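Shown next, in structure tokens, is the structure this report addresses.
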There are 2 protein chains.
Amino acid sequence: MSSVTLPKVEPVPRMRAEDRRELVLTAATAVFGERGYVGATTDAVARAAGVSQPYVVRMFGTKEALFLEVLGRALERLIDSFTSAIDENPTATPEDLHHRIGAAYADLLMDRGLLLSLMHGFVLGADPVIGAAARSGFLQVYRLLRHRGGFSAKEAADFLAGGMLLNTLVGIRMADDIDDADARELIESVAPTKSELLVRLSRTRP
Amino acid sequence: MSSVTLPKVEPVPRMRAEDRRELVLTAATAVFGERGYVGATTDAVARAAGVSQPYVVRMFGTKEALFLEVLGRALERLIDSFTSAIDENPTATPEDLHHRIGAAYADLLMDRGLLLSLMHGFVLGADPVIGAAARSGFLQVYRLLRHRGGFSAKEAADFLAGGMLLNTLVGIRMADDIDDADARELIESVAPTKSELLVRLSRTRP
DNA sequence: GTCTATAGGGCGATAGAC
DNA sequence: GTCTATCGCCCTATAGAC
């Protein structure tokens with residue numbers, strides 16, 4: 001009797017490994033962006049992705065490896081997006097390119113976790129593994145602007161500076177203080193054409 | 001015999017509470033700057049200050065309260081420093097002031113932990129307590145530039161953008177890649193007059 | 001004013017079943 | 001491919017002695 005093989009329903013939908021991987025990476029990007037590398041738990045990632053905590057670890061080996069993968073993905077999207085903006089406008093002037101790449105950057109902000117995960121990586125430069133990855137990624141972006149985008153050193157630095165301020169305003173959730181006149185002015189002067197977007201994205205509860 | 005009161009040597013030097021407090025706050029600033037709010041442990045702070053871990057907690061109540069105190073101190077020094085730069089040059093043009101306050105900012109970088117602790121606070125905007133403190137502090141600086149420094153909205157935003165890039169380069173330890181031509185160029189174009197300082201400060205092992 | 005000892009909770013990772 | 005159970009570490013905070 002106990003040896004009868006019963007038909008079993010799968011309580012959790014199975015997925016191709018690659019699809020599940022994408023799902024977890026997306027969830028991880030959001031969680032790392034919100035809480036940072038150390039503050040994020042593999043359990044929070046697992047919940048956000050609808051899988052068990054040990055499965056997240058099983059998939060990526062360690063939390064550090066997962067974070068590195070998130071960083072790599074974010075960087076890849078950033079580079080792809082900038083590269084497209086550059087290559088689609090081969091005759092653009094530097095100022096023109098600055099605006100176009102800036103627009104591409106603002107589009108990336110749609111995924112708040114993406115840029116914020118990068119930011120969290122940037123402030124962990126003292127970590128031998130994460131710091132090295134962050135430096136390498138930041139330099140890749142600089143090189144892209146400088147050598148493929150034709151930016152001067154100053155133009156590239158100015159562009160990056162604006163990006164860092166934008167990231168900071170999103171990270172700090174400046175739009176939570178949107179009723180404050182100065183906060184509103186700051187947000188609108190940083191992202192004049194995208195301030196609506198920035199406000200939505202930099203709110204604690206979007 | 002056992003009731004004889006023996007003279008006792010103090011194994012650990014006693015200090016006035018206020019002095020010890022300063023010592024711990026200085027240590028905490030360095031540790032939080034290096035590892036962030038979550039990554040820093042009260043034990044690491046205690047070791048850096050040469051006291052026991054429970055004593056650190058006893059002094060500030062919680063790790064969160066300690067971090068808030070570090071943030072408050074950092075902000076205070078930033079504001080004081082900017083205010084001095086402004087008030088000492090009442091007839092300076094906006095560009096002039098930009099340079100003078102920029103120089104004051106670079107001086108603050110001498111204490112790497114100071115600005116980096118702030119940066120770690122800035123990316124934790126989602127935290128109800130720390131996020132609120134970080135927003136309030138960031139806005140105070142903006143108001144100072146705008147209303148006491150006489151900066152336009154754009155000038156203030158540009159100044160802050162440069163500051164965020166500077167902080168990021170220090171946080172990411174960009175100078176660890178100083179042998180890379182692009183990294184060197186970026187550092188020198190961001191801090192032309194202070195690149196030596198920036199290099200020293202943004203190295204993992206200073 | 002400062003320490004030692006330790007409780008208590010959370011988290012990353014492993015083992016192993018299905 | 002995915003889960004449950006659980007180990008062992010680390011970390012904050014408390015208790016209490018000196």
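Please read all numbers here as calculations on a predicted model, not as lab measurements. The sequence lines fix the lettering, A, B, ..., with proteins before strands; numbering per chain opens at 1.
Residues passing the ring pair (Phe, Tyr, Trp, His ring centres under 6.0 Å) test with Phe82(B), sequence neighbours excluded: Phe159(B). Applying the side-chain hydrogen bond (donor to acceptor under 3.5 Å, both in side chains) criterion to Arg77(A), with sequence neighbours excluded, gives no partner residue. Partners of Tyr55(B) under the side-chain hydrogen bond (donor to acceptor under 3.5 Å, both in side chains) rule, at least two apart in sequence or in another chain, do not exist in this structure. Listed by chain and number, the residues in a salt bridge (charged side-chain N to carboxylate O under 4.0 Å, His left out) with Asp182(B) are Arg143(A) (sequence neighbours excluded).
Of the two residues contacting DNA chain C, namely Gln53(B) and Met15(B), the nearest-nucleotide position lying further toward the 5' end is that of Met15(B). The residue among Met59(A) and Tyr37(B) whose nearest nucleotide of DNA chain D lies closer to the 5′ end is Met59(A). The nearest heavy atom of DNA chain C to Val51(B) and to Gly61(A) marks one nucleotide each, and the one closer to the 5' end goes with Val51(B).
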Identify each atom pair where a protein N or O and an N or O of nucleotides 15-17 of chain C are less than 3.5 Å apart, giving names and distance.
from: dG16(C); atom 1: O6; to: Arg58(A); atom 2: NH2; distance (Å): 3.0

Got a list of protein N/O to nucleotides 9-11 of chain D N/O distances below 3.5 Å?
none

Identify every side-chain donor-acceptor pair in residues 127-135 of chain B under 3.5 Å, counting partners at least two apart or on other chains, and give the distances.
from: Asp127(B); atom 1: OD1; to: Val129(B); atom 2: N; distance (Å): 2.9
from: Asp127(B); atom 1: OD1; to: Ile130(B); atom 2: N; distance (Å): 2.8
from: Arg135(B); atom 1: NH1; to: Ile172(A); atom 2: O; distance (Å): 3.0
from: Arg135(B); atom 1: NH1; to: Gly125(B); atom 2: O; distance (Å): 3.4

Listing, residues 29-44 of chain A side-chain donor-acceptor contacts under 3.5 Å, not counting sequence neighbours, or none:
from: Thr29(A); atom 1: OG1; to: Leu25(A); atom 2: O; distance (Å): 2.8
from: Glu34(A); atom 1: OE1; to: Arg173(A); atom 2: NH2; distance (Å): 3.0
from: Thr41(A); atom 1: OG1; to: Ala44(A); atom 2: N; distance (Å): 2.9
from: Thr42(A); atom 1: OG1; to: Gln53(A); atom 2: NE2; distance (Å): 3.2
from: Asp43(A); atom 1: OD2; to: Arg47(A); atom 2: NE; distance (Å): 3.0
from: Asp43(A); atom 1: OD2; to: Arg47(A); atom 2: NH2; distance (Å): 2.8

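Straight-line distance from the CD atom of Glu22(A) to the C1' atom of dG1(D): 16 Å, rounded to whole Å. Remark: C1' of dC18(D) and OH of Tyr55(B) are 14 Å apart, rounded to the nearest angstrom. Taking atom CG of Leu66(B) as the reference point, atom P of dA13(D) lies 10 Å away to the nearest angstrom. For the pair Arg14(B) CZ and dC3(C) C1', the interatomic distance rounds to 10 Å; values are reported in whole Å.
Sequence neighbours left out, the pairs with a member in residues 124-149 of chain A that pass ring pair (Phe, Tyr, Trp, His ring centres under 6.0 Å) are Phe122(A)-Phe138(A).
Put simply, Arg16(B) has no side-chain N or O that comes within less than 4.0 Å of OP1 or OP2 on dG1(C).
Looking only at distances, no side-chain donor or acceptor of Glu76(A) sits under 3.5 Å from a matching main-chain atom of Arg73(A).
Residues Arg100(B) and Glu88(B) are not paired through a salt bridge, judged by the lack of any N-O separation under 4.0 Å between the basic side chain and the carboxylate.
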